[in-house]
There are 2 protein chains.
Amino acid sequence: MKKPTASPSFQDLSSFVTFRIARVQNTLNAQASATLAAHCDLTLTEWRMLASIEARGQTTAAEIARHTQIDKGQVSRAVKSLKGRALLKAGAAATDQRQQTLTLSAQGRAVFERVVVVMRKRQEMLTQDIAPEDLRTFFSVLDKLQARAL
Amino acid sequence: MKKPTASPSFQDLSSFVTFRIARVQNTLNAQASATLAAHCDLTLTEWRMLASIEARGQTTAAEIARHTQIDKGQVSRAVKSLKGRALLKAGAAATDQRQQTLTLSAQGRAVFERVVVVMRKRQEMLTQDIAPEDLRTFFSVLDKLQARAL
DNA sequence: ACCTTATTGTTGACAGGTCAACTAATTTCC
DNA sequence: GGAAATTAGTTGACCTGTCAACAATAAGGT
C-alpha cells in the first residue's frame, strides 16, 4: 500500500529523463569550464567548435551548428573570435558562395592537441567506474533521445 | 590500416560523454521550453523548481539549488517571481531564521497537476522505443557521472 | 564566552545563450 | 527563365545563467 499524499512523487520527478540530464549537465558543464579555463583561453563553446572542426578537417558554420546543436548566431560570433585569434582559417567554398570553409590553423591544431589530452584524461576520470557495455548502452539511449527530440 | 590524417578523430569527439550530453540537452531543452510555453506561463527553470517543491512537499531555496543544480541566485529570483504570481508560499522556518520554507499554493499545485500530465506524455514519447532495462542502465550511468563530477 | 568559518538568501554586474530580422546566394518547381 | 521557397551567415535586442560580494544567521573549535 502506498503512502497517502505526503511525499507523492519524488520518484516521478527524478524519473524525468530531461530533469536528470539537465542536472548532470549543469554539474559537468561547470567542471568542464573550470578545467578548460585552467589550461587555455577558450570557452566551452569555443572548445566544442574547435573539436568539431578538428573532427571533420574542413567544415562550415552551418554544419558545426547542426553537429553540435549550438545556435548559429553563437557559432558566427565564435568563428569571428577564433579567427581573430588565428586559431582557425576561413576560405571561400568551391560551389556555394554563401558558405565559408573552416579549417584549423597550425596554432589552432596545436591548442587542440594540447587541450584534448587534458579533456581525455578528464573523461577517463569520469567514466572509470562505468562498465564499457553500460557506456555503450548509455550512448545508444542518448542517440534515441536525440532522434526522438527531433 | 588506418587513413593517415584526413579525418582522424570524429569518433573521438562523439565519444566525449560531455559533448554528447550537451548536444542532446540542447535539443531537449529547446523542445521542452516550447512545450512548456504552449501550456503555461513558466520558464523551464520555474517548472523544474515547481516540480522540485512539489516532490518534497516543503523545502528551502538552498535545498532546491542542491537538488536541481540550479544556481542559488537564479533560485532566489525565481522564488520571487513565483511568489509574486501566488504559485508558491513562503513561511518562516522553525529552527533556522535564515531560511524560508517553500510550499506550493493551491494555484501552484493546480498548475503543476495540469502541466505534469503534458510533460509525462512528452517523456513517454521520448522514451517509447527504449527498453526499460536500457533506461535503468542509462540512469545508473547518469548517477555515476554525477557522483564523479562532484 | 569568543573568534573563526560555513551557510542562507539577496543583489548587481556581466558573460553567454536565444530569438528574430536581414542580406545574399542557391535551389525548387512551374 | 523566373517567382517562391530555402539556406548560409551576420547582426541587434533581449533574456537567462553565472559569479562574486554582501548581510544575517548558525555552527565549530578553543
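Keep in mind it's a predicted model, so treat the numbers as computed, not measured.
Across the helix from C/dA1-D/dT30 to C/dC30-D/dG1, the helix axis at one end is tilted relative to the axis at the other end by 40° (nearest 10 degrees, each axis from five pairs).
For residues 25-35 of chain B, no pair satisfies salt bridge (Lys or Arg N to Asp or Glu O under 4.0 Å), with sequence neighbours left out. Among residue pairs with one or both ends in residues 66-91 of chain A, those qualifying as salt bridge (Lys or Arg N to Asp or Glu O under 4.0 Å) are A/Asp41-A/Arg85, A/Glu46-A/Arg85; sequence neighbours excluded. Residue pairs meeting the salt bridge (Lys or Arg N to Asp or Glu O under 4.0 Å) criterion with at least one member in residues 25-37 of chain B, sequence neighbours excluded, do not occur.
The side-chain hydrogen bond (donor to acceptor under 3.5 Å, both in side chains) check on B/Glu63 picks up B/Arg56, B/Thr59, with sequence neighbours excluded. Annotation: side chain to side chain contact (heavy atoms under 4.5 Å, CB included) contacts of A/Asn26 (sequence neighbours excluded): B/Gln69. Scored by the side chain to side chain contact (heavy atoms under 4.5 Å, CB included) test, A/Ser140 finds no partners at all (sequence neighbours excluded). B/Gln97 pairs by the side chain to side chain contact (heavy atoms under 4.5 Å, CB included) definition with nothing, not counting sequence neighbours. Not a single salt bridge (charged side-chain N to carboxylate O under 4.0 Å, His left out) links A/Asp134 to another residue, sequence neighbours left out. For the side chain to side chain contact (heavy atoms under 4.5 Å, CB included) test, residues two or more places apart in sequence or in another chain that qualify with B/Gln107 are B/Ala86, B/Leu87, B/Ser105.
Although no hydrogens or angles enter the test, the distance criterion places a donor-acceptor pair under 3.5 Å between the side chain of A/Gln123 and the main chain of B/Val17.
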Under 4.0 Å protein heavy-atom contacts per nucleotide of nucleotides 3-16 of chain D, with B for base, S for backbone only and - for none: ----BSBBBBB--S
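What separates CG of A/Leu28 from P of D/dT18 is a distance of 13 Å, to the nearest Å.
If you walk DNA chain C from 5' to 3' and mark each nucleotide with an atom closer than 4.0 Å to a heavy atom of chain B, the marks span C/dT7 to C/dA13.
Nearest-nucleotide assignment on DNA chain D puts the 5′-proximal partner with A/Asn29, out of B/Gln97 and A/Asn29.
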